[in-house]
Structures are given as structure tokens and as C-alpha cells.
Amino acid sequence: MSSIELRHVSKSYDGKPPVIPDLSLTVPDGSFTVLVGPSGCGKSTTLRMIAGLEDVTSGDLLIDGKRMNEVGPSERDIAMVFQNYALYPTMTVRGNIEFGLINMKVPAAERKRRIDEISHIVGLESYLDRKPSQLSGGQRQRVALARAMVKNPSVFLMDEPLSNLDAKLRTQMRTELIALHQRLGTTFVYVTHDQTEAMSMATKIVLMRDGVVQQADSPEEIYAHPKNRFTAQFIGTPAMNVFPVDGLALPNPPTQAALFGFRPSRAILADEAGIPSDCFSFEAKIEIHEVMGSEIIYQADAPFGRVSFKTFNQPLVEVGETVRLIVERDSIHFFDSDERRVRA
């Protein structure tokens, strides 16, 4: 197992403005750390610097306390899975998985044991004698995952490894990766733009924007206590509702609050029992509803803008109806004029 530390790391190309201006980050030993953010935020570049596939322009990169700036990828005891498959087309599935083990001079019996174990985890037992050209895109990505897993490295680096899988298999593979991490206790660094992957798999989420870390926390903390508006609206589906404070009868807003927000799951349909005093209450006209089984997601027009809210195990409210919603004071987030969260 290995911890990873980036100390004031920057990355630029050909004298252009840096894509990573000044990144300091610690990936704890044995953690499942997910780098997440929109396209172009620097997450894949960060991963490639950890792997040794990109040079560090300035700063220091350490793995297990050892400076790695000039150390080649093959000497870092890592295994990486890319978004593309990078398989050897002339080799069978077994040959692709086994290739790295042969280079590592792992005995034949141990190679067979590892291949059997990993191929079972990723569901490839029936495909070991096929060539990559005979596989679907999802199956090829599973081979790439197996090839990394079988090496038992100190660090797994994964760059959008599930993006080419169908929804059902992606969910299954998320579960398998979580179980694999728990079983091995190895450090995982995983890049994705999909917040669902980040929230479901990570022990630590690092949310990036324009090469800058917006927040690095546990999934629970980053959801419940976002440090700024960007984090609040990137994490969570649908996104947090955020509006200006001006002119609204909000319960005890902080003096520096310029914006307020609430999660769709925290807007509750008012009932006939009345409206609590310590809450924000407003009417909204239903414009769209999405029925997701026991959960229904609504888009509604309120006096201050369009809001999203959810109901659970409740009757459908039809389009065109007007409802009254309440948000309890403890469920309201406030942000200052710089869009940083204000502690209430």
C-alpha cells in the first residue's frame, strides 16, 4: 500500500498558461480517492502525472514518501486502466491478462491462480480464449481492468474505466471494484466526470475545476457541507437549487449571505397541518415531472425562479397544479458574494 502526495504541483504545456496552477493534495494510504469534475478540469492530467506519463512542471510528487518526479512509470509499482482499451489485438484475453505477469517473472501456477480469480471477478471466465476483436466494447474494458488487477500493485490508477459499459454492467462493476478495494486495501485513484460513481465508490472525493481543488472530503461531508456554490451544484442529482437572497422572506439568513440554496430532496410538500415558523415557504406551479418508481422528480415555476424538488412514495402531482413547498431552516445553505458557503 502507498500514500500519494502532491506538493505545489503545476503542469503547463509549451509555455502556455498552466492547466494545473498549484495543486497540493494528499491521497491517503489504502483510500479509494476519486478525482471528479467537468471536462478539462485537470483530473486526468493529475492522474497521468501520478502515473509518470506526464512530467511535473514544478513542485514535488511523492509516492510512499519517495520523490517520484524523475522515476519512470514502470518503477512506480502502479497499474493503470485507461478509458480506451489498449489491448494487444493478436493475444487472447488470457494472454493480455498474463502478459504483465510474465514480464514480472511470476511462476506459471501463480499466474493461473491470479487469472482464474480475476477473470471470475470481472465475469470473463468464458472469454479467456477469445481475441479482443471478438469481444464487445464492454468486454474489452473488463479485460483492461483484469490486466491491471492481476498485478497486485501498490496503487491502482483508473481513468474513466467504466465509461464504455452499459448501465447495468457499470453498476455491477462499481460494486465489484468497491469489494476489490475492501479486500485488497490497496490505494485506488479513480478519475470520472460521473458524480454517481464518485459518491458511490469513494472514501475521499477530490472535486476539481480549472485545475484547482474545490473541495476534498468524504462523500458524506462534500454532500452535506459543500464549501462553495460550484461544489453544491456539481454534487447531487438534480443539482441544488440556488437563488439570490434579495427580497425573500428567509428564516434568519446570515448578514453576509448573497445566495441561498436547498437540495431538491429537502423541499417538502406542505400539508394541512400548517407551516412551521422556522422554514422557507413558497408556492410553485408544476411544469415537468419524471416518475422514477417510488421517487418523483419535479420541475416547478416559483416566484423567484425554476426549482427542482422530489417526493418519495407520494401520489403524483399533475402538470399545471400549484403546490406549496417548505424548506426547513437547517436544510438551507447560504453563500456569500464570492459564492463561498457561509456558516449559519
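Treat the numbers as computed from the prediction; the structure is a model and nothing was measured. Numbers for residues simply follow the sequence, beginning at 1.
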Parallel, tilted or perpendicular, judged at 30° and 60°: which one describes the rings of F304 and F280? tilted

Which label fits F334 and F260: parallel for a plane angle under 30°, tilted from 30 to 60°, or perpendicular past 60°? tilted

Restricting to non-hydrogen atoms, name the atom on T57 and the atom on S12 that form the minimum distance, rounded to 0.1 Å. OG1-N, 3.0 Å

Donor-acceptor pair, side chain of [X] and main chain of [Y], under 3.5 angstrom:
X    : Y    : value
E197 : R174 : no
H289 : Q299 : no
N69  : G59  : yes
K131 : P89  : no
T203 : F32  : yes
S337 : A258 : no
R266 : V327 : no
T187 : G30  : yes
R341 : H225 : no
K43  : V191 : no

So how far is it from [X] [atom1] to [Y] [atom2], rounded to the nearest 0.5 Å?
X    : Y    : atom1 : atom2 : value
I296 : F309 : CD1   : CZ    : 9.0 Å
I297 : S265 : CD1   : OG    : 10.5 Å
S154 : L184 : OG    : CG    : 11.0 Å

When hydrophobic residues are tied together by side-chain contacts of less than 4.5 Å, even through go-betweens, does [X] share a cluster with [Y]?
X    : Y    : value
Y223 : M240 : no
F99  : V143 : no
V212 : F230 : no
M149 : I178 : yes
L62  : I20  : no

The test is ring-ring contact (aromatic ring centres under 6.0 Å, His included); show your working for F243 and F282 and say whether it passes. CA-CA 13 Å; F243 304 98; F282 59 94; 8.3 Å; no

Counting only heavy atoms not in [X], do more than 12 fall under 6.0 Å of its [atom1]?
X    : atom1 : answer
E328 : CD    : no
D338 : CG    : yes
R229 : CZ    : yes

Distance alone, cut at 3.5 Å: any donor-acceptor contact between the side chains of S331 and R263? no

Please step through side chain to side chain contact (heavy atoms under 4.5 Å, CB included) for the pair V155 and R76, ending with a clear verdict. CA-CA 9 Å; V155 178; R76 297 192 181 193; over 6 Å; no

May I ask you to decide whether E110 forms a salt bridge with R113, counting only side-chain N to carboxylate O separations under 4.0 Å? yes

Under-4.0 Å salt bridge between R329 and D278: no

Starting from the C-alpha separation in whole Å, work towards a yes-or-no answer on side chain to side chain contact (heavy atoms under 4.5 Å, CB included) for T192 and M201. CA-CA 11 Å; T192 183; M201 301 171 73; over 6 Å; no

